[in-house]
Every structure is written in structure tokens, then in C-alpha cells.
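Only one structure is covered here, and it is reproduced in the block below.
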Amino acid sequence: MSARGAVPAPADLPGEVVPAAFFARATLEVARALIGCVIATGRGAALTAGRIVETEAYLGEDDPASHAARGPTPRAAIMFGPPGVAYVYLIYGLHHCLNFVTERDGAAGAVLIRALVPVAGRAAMARRRAGGGAPPSPSALCSGPGRLCQALGIDRSWNGEPAQGPRLRVLARGGPPPGIATSPRIGVRQAADRPWRFTALPGAAEPV
DNA sequence: ATATGGATGCAA
DNA sequence: TGCATCCATATT
């Protein structure tokens, strides 16, 4: 414990902030590499963080399920831009989805974050998720792309946010690579056969 | 199984 | 403009 007391600080989280170059690789590679990393939003008393246990890869023109499939439309243009920034969009009119842009500048790709295991700021997450109602069950706290955005306080204003800043950052996992299972992406109708969903094997990516 | 709800992209 | 579609969630 620090002498400053119980207020969580980013330094209390394991791992170093990953550089933007981490994301400047093939999307499928980044989707695997992100499993076990920690996403953190906010600082100090507002810190919320969770370990990534589920991702999905969305590629460029070759991937019919990707927003980038129809070229750099206003929404998808960010997927063609520099890697290492957040791509946040609204789905079904009520939920937000957090992605990280991949590939070199000029090539399209993004990794959707589908589930986290809470690491810090559980109370704040539960507060944001509850919204005045009953507190969510532990499994519903930040498991699911819409849920984790709500838990981390992420909305469309975070679109384009660098993942190496004070507001949003991704921390590398220490230790050996976790076991990863692959499966088809959830909820996609186009290219439903492509096994581009990555999940941490049970117990393989638990918090340090 | 179903209601919810807004943005997006394309056809017209 | 209109309209089908959409990487989801909470509740019956």
C-alpha cells in the first residue's frame, strides 16, 4: 500500500502502458495480443479498469462484417487512420462498443473488446451499471461490449481517444501468454464462419 | 422469445 | 427522404 492511503492510482495497476506501435500490426495478431491486457479509464478515485478476456477482430475491405467493408465512410474512416486510438460507436441505438484501431495508417482494421474481468474501481463500475436500479450481478458488471463501455464510462465522445493518455490506456500483461480459444464472432451475419473471436481460457487471464 | 432505440448507408 | 439493417441488453 502507498503512504497516500487507499485511493487507487494508475501505478497500482500491473503492467506498462502499451505504445501505439503495439496496434500497428495485423488485426488478428492484435486481437490475440490484447487478451490478458488491462484497459483503464480515469485516474485516482475515478479509476476503473478491467482485464480483457474476450476480443473480436474486424478487418478491412475483405471482411463483410466490418464497418470498413464499404470503404472509409464517415463512421468507418477512423478504422483507416492511425492505430492505437479508440473507435467507439453506438449500436442498436442504445449501447456503445469499444474498439481499438489496428494496422498501419491507411489500412483498415479494429479489435472489438467484448468482455473484461474487473481489476479496479468495481464500486464505480457497479454504480454506472446500476443506473439507480438494482446492482448488477458480478458476471453482468463488464462482460459484454455494451456493458463494459457503461462500466468504464465510455461513450461516443471517446471516439478517437488515444489509448496511451490519462483518460484511456491499455496496460500490457506480465507473465506468459494466456491460453486462447477461437470461435466465430457473436451476432454477425456476414462472414459468420470466420473464427475471429478470441476468448481467454478459464483461469488463464485472472487478475494478478 | 421479445421490446427497446438511434445512427448508418444506400436506394429512390 | 424512406427504410432495412445493425459487432446488444434486460426483461418476460
Side-chain angles (χ1 to χ4, degrees), chain A residues 23 26-35 37 39 48 50 52-81 83-103 107-118 122 125-161 163 168 170 180-200:
Chain A
F23 299 92
T27 305
L28 291 168
E29 196 179 330
V30 177
R32 284 182 169 276
L34 279 172
I35 298 290
C37 294
I39 300 177
T48 45
I52 301 169
V53 294
E54 181 179 350
T55 63
E56 283 176 1
Y58 288 87
L59 280 50
E61 281 90 343
D62 300 334
D63 179 4
S66 172
H67 288 166
R70 276 155 295 186
T73 61
R75 178 177 64 174
I78 190 168
M79 290 182 66
F80 291 78
V85 302
Y87 167 39
V88 181
Y89 63 86
L90 187 67
I91 189 162
Y92 298 128
L94 50 155
H95 303 296
H96 298 280
C97 288
L98 170 66
N99 303 250
F100 292 108
V101 175
T102 59
E103 307 278 351
V111 173
L112 170 68
I113 309 302
R114 285 198 59 91
L116 305 176
V117 170
R122 288 165 172 269
M125 291 191 200
R127 209 177 308 124
R128 291 197 275 237
R129 290 273 299 120
S137 69
S139 65
L141 188 59
C142 50
S143 174
R147 290 170 181 164
L148 72 88
C149 280
Q150 191 176 18
L152 294 178
I154 291 171
D155 60 27
R156 270 177 306 168
S157 75
W158 294 61
N159 192 41
E161 190 75 23
L168 173 68
V170 175
I180 295 174
T182 65
S183 54
R185 295 172 293 184
I186 299 295
V188 306
R189 314 182 69 160
Q190 306 284 331
D193 56 311
R194 303 186 192 182
W196 291 346
R197 174 177 178 239
F198 303 95
T199 52

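Nothing here was measured: the structure is a model prediction, and the numbers come from that model. Throughout, a chain's letter reflects where its sequence line sits, starting with A, and its residues are numbered from 1.
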Atom pairs under 3.5 Å, N or O on each side, protein against nucleotides 7-12 of chain B: can you list them with distances?
unit_1, atom_1, unit_2, atom_2, d
B:dG9, OP1, A:Thr73, OG1, 2.4

Go through residues 137-149 of chain A and report each residue with a non-hydrogen atom lying under 4.0 Å from DNA chain B, sorted by number.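 Nothing qualifies; none.
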Find out whether [X] and [Y] are in side-chain contact, i.e. whether some heavy atom of one side chain is under 4.5 Å from a heavy atom of the other.
X        : Y        : answer
A:Thr102 : A:Tyr58  : no
A:Phe198 : A:Leu28  : yes
A:Thr27  : A:Met79  : no
A:Leu168 : A:Trp158 : yes

How many angstroms lie between CD1 in A:Ile180 and CD1 in A:Ile35, if you round to the nearest 0.5 Å?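 Going from CD1 on A:Ile180 over to CD1 on A:Ile35, the span is 5.5 Å.
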Identify, with sequence neighbours excluded, every residue that meets ring pair (Phe, Tyr, Trp, His ring centres under 6.0 Å) alongside A:Tyr89.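 Testing A:Tyr89 for ring pair (Phe, Tyr, Trp, His ring centres under 6.0 Å), a comparison that skips the adjacent residues, returns A:His67, A:Tyr87.
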If you assign A:Ala68 and A:Arg129 each to the DNA chain C nucleotide with the nearest heavy atom, which residue ends up on the more 5' nucleotide?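 With A:Ala68 and A:Arg129 compared, the 5'-side residue is A:Ala68.
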Is it the case that the side chain of [X] and the backbone of [Y] share a donor-acceptor pair, with hydrogens and angles ignored and the cut-off at 3.5 Å?
X        : Y        : answer
A:Arg147 : A:Ser143 : yes
A:Thr55  : A:Ala31  : yes
A:Arg129 : A:Leu141 : yes
A:Glu56  : A:Arg114 : no
A:Arg185 : A:Ala57  : yes

Touch check for A:Leu112, heavy atoms < 4.0 angstrom, all strands: base, sugar-phosphate only, or nothing?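 A:Leu112: base contact, heavy atoms under 4.0 Å.
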For the pair A:Arg194 and A:Asp62, find out whether any cationic side-chain nitrogen is under 4.0 Å from an anionic carboxylate oxygen.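 Answer for the salt bridge query: no.
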Opening and closing nucleotides of DNA chain C in contact with chain A, under 4.0 Å to non-hydrogen atoms: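 First and last nucleotides in contact are C:dC6 to C:dA10.
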Using Watson-Crick and G-U wobble pairs whose two distances are both under 3.5 Å, how do you write the pairing of DNA chain B as dot-bracket, with | for links to another strand? ||||.||||||.
Shortest non-hydrogen contact from A:Arg70 to A:Thr73?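 Heavy atoms of A:Arg70 and A:Thr73 come nearest at O-CG2, 3.7 Å.
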Looking only at heavy atoms, what is the nearest atom pair of A:Cys97 and A:Ile91, with distance?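 Taking A:Cys97 first and A:Ile91 second, the nearest heavy atoms are SG-CG2, 3.8 Å.
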With no hydrogens and no angle check, just 3.5 Å: does a side-chain donor-acceptor pair link A:Arg128 and A:Gln150?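 The criterion, which ignores hydrogens and geometry beyond distance, is not satisfied for A:Gln150 and A:Arg128.
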Could you write out each protein N or O paired with an N or O of nucleotides 1-3 of chain B at a distance under 3.5 Å?
none

